[in-house]
Structures are given as C-alpha cells and as structure tokens.
2 protein chains.
Amino acid sequence: MTKIATPSLRERRKAETWTALHEAAASLALERGLEHATVEAIADSAGVSSRTFFNYFRAKEDAVLGLQEPVLDPQLLSRISPRVDLVGQVSRLLVAVARTALGSTDARRRRQLMAAYPHLAQRQMEYMVKAEALVCEAVASVLAGDPSWAAGAEGFGADDTARMLVMIAGIPVRFNLTSAGYDPVRGLRPEDLDPSLALLRQIQRKLS
Amino acid sequence: MTKIATPSLRERRKAETWTALHEAAASLALERGLEHATVEAIADSAGVSSRTFFNYFRAKEDAVLGLQEPVLDPQLLSRISPRVDLVGQVSRLLVAVARTALGSTDARRRRQLMAAYPHLAQRQMEYMVKAEALVCEAVASVLAGDPSWAAGAEGFGADDTARMLVMIAGIPVRFNLTSAGYDPVRGLRPEDLDPSLALLRQIQRKLS
DNA sequence: TTTCACAAATGCAGACTTGCAGTTCCGCAA
DNA sequence: TTGCGGAACTGCAAGTCTGCATTTGTGAAA
C-alpha cells in the first residue's frame with residue numbers, strides 16, 4: 001500500500017486549484033500576452049478570487065511557469081561519495097533539485113512564453129538559487145562525515161569549504177542555463193552538464 | 001580644466017534630488033521602520049511627488065541604500081594582463097565594479113538598516129549580478145585579444161571561456177558577501193578577497 | 001532676446017502584492 | 001451524527017510600481 005493511495009478531498013482540491021491556476025495563467029499569457037493576462041482574469045478563469053491566487057503562487061510569473069518550491073530527495077544525497085568527481089556529483093545533484101521546482105507544462109507553450117518574456121527566465125533563476133542553498137546545507141553535512149574533508153581547509157571550517165564547493169559545482173549549471181543553446185522545453189538534464197564540466201576542468205588546468 | 005568643473009544646473013539639481021530622496025529614505029526608514037516609511041512620505045520629505053521618486057529609484061530599497069547602476073571604468077580594464085593570477089585580477093575587478101553601485105551612506109545608519117532588514121542585502125546582491133554581467137562582456141573582449149585565450153577551448157568559443165572564467169572569479173566575491181563575517185558598512189574591499197582566493201585554490205588542488 | 005527642443009516633474013489610471021478580519025467548509029473525534 | 005478546530009477562501013484597504021499624457025523650466029540655437 002503506497003502512501004499516496006487516496007489524498008484527502010482537501011488535498012485533491014488544492015492540487016486541482018493549483019493546476020487550474022497554472023493552466024489559466026499559461027494559456028491566457030499565451031493568447032493575450034503576459035501583460036494583458038491580469039491576475040484577476042487568471043483567478044476568474046480558474047474560479048477563485050484574486051486573493052486566493054496569491055495563496056498558491058508568490059507572483060504571476062510563477063503561475064505562468066508553474067514554479068514550485070524545490071525539494072531535495074534524501075535518497076540522492078545518500079548516494080554521494082566524496083572521493084571521485086565530487087564537482088560532477090554535486091552539479092548533478094543541483095540539477096536534480098532544480099528540476100523539482102519546475103512543474104510540468106506543455107513543452108510548446110513553455111518555449112513560446114520564455115522566448116517572448118525573458119524575465120520569466122530570470123524568475124526561474126531565482127528558484128535555482130534556492131536550490132543551491134538547499135544543496136549547500138546538505139553537502140556540508142555529507143562532507144562533515146568524510147575524514148578527508150571534515151577538517152576543512154586552513155583558516156576555514158568545513159561549512160565554508162562546502163559552501164565554496166557548491167558554488168564551484170553551480171558553475172556548470174549556471175553556465176548551461178545561460179547558454180544560447182539552452183532549451184527551456186527539455187529543461188536541464190544531468191547529462192547536459194558533461195561538456196561544461198569538461199570546460200571547467202580545462203580552464204582550471206590552464207589557470208594553474 | 002576637468003570635465004566636472006561645472007555640471008549644469010540641471011545636473012546639479014538632479015544630484016540634489018537624488019541625495020535628498022536617499023537621505024529621506026534612509027533616515028525615515030531608521031526612525032519609523034522600513035515598512036512605515038512609505039514612498040509617499042519619502043517623496044514628500046524630499047519635496048517631490050511620489051511619481052518622481054520612481055524616476056530616481058526602481059524601488060524603495062534602492063533609495064534606502066542609495067544604490068545606483070554599476071559602472072566599469074575602462075582604465076581598470078586596460079590594466080588586466082591575462083598571464084598571471086587571472087582569477088584574482090578578475091575578482092578584484094568585479095569588486096571594483098560592484099562598489100560603484102554603492103552610493104555613499106552614513107556607515108552607522110547603513111549597518112543598522114542592513115542588520116534590521118535582511119532583504120536589503122538581497123537587493124544589493126542583485127546589483128552584484130549586474131556588475132558580473134558588465135565584467136563578463138569586458139573580460140571577453142580582453143581575452144579575445146590574448147593569443148593564448150583567443151582560441152577558446154575545444155568545443156567552446158572564446159566568449160564561453162570568458163563567461164565561465166568570470167563565474168569562477170565571482171566565487172570568491174560571492175563567498176565573501178555571504179560570509180557571516182561580512183561587514184556591509186565597510187563594503188567589500190579588493191584585499192578582503194585574498195583568503196577566499198586561497199581557499200578556492202586549495203579546494204581546486206584537492207579536487208584534482 | 002526670442003524661440004525651440006528636450007529633460008524632468010507631475011497627475012492619473014491600472015496592475016501587482018500583502019496584511020487583516022470575517023466566513024465557509026473539510027477532517028476528525030466524541 | 002454532531003460539534004469543534006483549523007485550513008482555505010474571500011473582500012477590503014494600503015502600499016508598491018509602471019505607462020501615458022501633460023506641463024514646466026533649462027540650455028542652446030537663431
């Protein structure tokens with residue numbers, strides 16, 4: 001028997017309203033333009049009041065893209081082993097967490113919207129930052145349990161080391177997200193990181 | 001005869017209004033709390049209309065901190081030599097540019113405000129992002145003129161290389177800005193970067 | 001000196017966002 | 001089945017922010 005057998009009526013209705021709002025926001029934005037898709041119109045279209053809209057989404061942009069708070073699956077964390085390709089592992093973890101913030105949306109629509117309104121991408125980036133913070137905390141706890149990292153570096157603690165490590169691992173992710181070739185429809189996939197991880201290694205070698 | 005001998009009356013009045021608004025915003029926020037210092041009150045106190053307030057500042061927070069658009073001095077750029085400690089040089093350039101976004105404010109007041117309202121610091125970080133974008137473009141042009149970097153790396157162009165390099169150089173800056181010991185009053189100074197640059201090098205050595 | 005172009009300021013209207021208080025209705029336990 | 005506590009919804013009011021049309025006053029040219 002799985003946990004998600006029968007969500008209560010309350011939860012079901014909540015999910016329905018979320019979807020209705022997201023759906024309304026995306027399609028209205030597409031058909032009449034983002035600036036003419038007012039919150040009031042979106043809420044009306046979903047059958048709730050404007051005020052309720054903001055109980056579901058912090059901002060209109062979030063509703064259009066279907067953005068949610070990112071979540072870190074503990075399973076993924078337990079699979080991290082600090083010995084080999086740590087940057088690669090953390091980068092992929094970042095991507096996995098970041099993906100949880102993206103609700104499912106019709107691919108075609110998503111492409112059109114993000115192409116037409118660049119600040120939607122910026123909004124998405126803010127969720128990326130949240131994901132980074134989440135991962136940062138988690139990685140710190142992993143490193144604390146590993147003898148070769150627990151000590152930290154000279155003049156810095158293990159937390160500082162973890163924080164900087166996550167920043168380094170964030171580079172390939174941010175690089176991909178800001179690349180011209182980035183396809184917001186597919187989103188970012190762990191394997192997409194390989195080229196930018198290679199570039200990072202190349203630059204580091206060149207610098208030293 | 002310097003260029004700034006006599007700014008026109010227009011420019012002088014503009015600067016005066018800017019200062020008056022910033023002054024009013026900071027002191028009102030301090031004495032009655034940020035949320036009770038409304039834009040209308042700030043504008044009144046500076047002797048202009050609410051609408052005019054937004055001709056000078058994008059948001060109330062910017063007025064309180066006296067934030068401006070960051071600027072890159074071409075002189076600094078011309079001093080970059082891509083051969084030695086490139087990351088360090090770009091990091092310091094980032095700091096220099098970021099500092100141009102911070103208008104002069106009374107130190108005591110600044111400390112109190114940023115301590116009381118953490119989202120002011122977040123707002124400041126957004127200007128940091130702009131500075132990074134500015135530097136990124138500039139560094140790309142510098143690297144393009146250097147034979148050992150102009151080619152880029154395999155599979156990537158020189159612009160990509162520059163972009164990632166600036167991201168790497170941004171790490172020590174972001175690290176310092178998010179450190180517990182960061183003092184928003186003094187702001188960030190180029191020499192503060194040395195320890196975090198060392199930490200970055202240490203971690204990179206450990207990873208390879 | 002007069003005139004002209006333009007930057008700055010303003011009022012107004014409308015949209016976004018949040019806090020507060022009151023109401024409705026689901027879920028649970030007696 | 002009933003009743004209760006709390007979650008969700010709602011309207012309202014205040015504040016933030018932007019676009020547009022209009023006015024005012026400065027700086028410069030004629």
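All chains are named by letter (A, B, ...) in the order of the sequence lines, taking the proteins before the strands, and each is independently numbered beginning at 1. The analysis underlying the following values was restricted to heavy atoms, covering all of them including side chains, and did not include hydrogens, waters or symmetry mates.
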Charged N to carboxylate O under 4.0 angstrom, [X] versus [Y]?
{"X": "A:Glu11", "Y": "A:Lys14", "answer": "no"}
{"X": "A:Arg109", "Y": "A:Glu23", "answer": "yes"}
{"X": "A:Glu35", "Y": "A:Lys60", "answer": "no"}
{"X": "A:Asp85", "Y": "A:Arg92", "answer": "yes"}

Could you give the [atom1]-to-[atom2] distance, from [X] to [N], as a whole number of Å?
{"X": "A:Glu11", "N": "D:dG6", "atom1": "CD", "atom2": "P", "value": "18 Å"}
{"X": "A:Glu16", "N": "D:dA8", "atom1": "CD", "atom2": "C1'", "value": "14 Å"}
{"X": "B:Phe57", "N": "D:dT16", "atom1": "CZ", "atom2": "P", "value": "15 Å"}
{"X": "A:Glu35", "N": "D:dG19", "atom1": "CD", "atom2": "P", "value": "10 Å"}
{"X": "B:Arg12", "N": "D:dT26", "atom1": "CZ", "atom2": "P", "value": "11 Å"}
{"X": "A:Lys60", "N": "D:dC17", "atom1": "NZ", "atom2": "P", "value": "16 Å"}
{"X": "A:His119", "N": "D:dC17", "atom1": "NE2", "atom2": "P", "value": "15 Å"}

- Item | Start and end of chain B contact along DNA chain C [non-hydrogen atoms, under 4.0 Å] | C:dC6 to C:dC12
- Over its full length, what angle do the end axes of the helix from C:dT1-D:dA30 to C:dA30-D:dT1 make, each axis taken from five pairs and the result rounded to 10 degrees? 0°
- Query: Can you say whether the rings of B:His22 and B:Trp18 are parallel (under 30°), tilted (30 to 60°) or perpendicular (over 60°)?
  - Reply: tilted
- Query: Can you say whether the rings of A:Phe53 and A:Phe57 are parallel (under 30°), tilted (30 to 60°) or perpendicular (over 60°)?
  - Reply: tilted
- Message: Go nucleotide by nucleotide along DNA chain D from the 5' end; which of A:Gly47 and B:Arg58 gets its closest nucleotide reached first?
- Response: A:Gly47
- Task: Would you check if A:Val71 and A:Val97 make a side-chain contact, meaning some heavy-atom pair closer than 4.5 Å?
- Result: no
- Hey, what do you get for CD1 (B:Ile168) to CG (B:Leu200), rounding to the nearest 0.5 Å? 7.5 Å
- Measure the CG-CZ distance between A:Asp192 and A:Phe175 for me, rounded to the nearest 0.5 Å. 12.5 Å
- Query: Can you tell me if B:Asp62 and B:Tyr56 form a side-chain donor-acceptor pair at under 3.5 Å?
  - Reply: no
- Query: Listed in order of residue number, which residues of residues 48-56 of chain A have a non-hydrogen atom at under 4.0 Å from DNA chain D?
  - Reply: A:Val48, A:Ser49, A:Arg51, A:Thr52, A:Asn55, A:Tyr56
- Message: Does D:dA8 have its OP1 or OP2 closer than 4.0 Å to a side-chain nitrogen or oxygen of A:Lys14?
- Response: yes
- Task: Please report the closest heavy-atom contact between B:Arg163 and B:Cys136, naming both atoms and the distance.
- Result: CA-SG, 3.6 Å
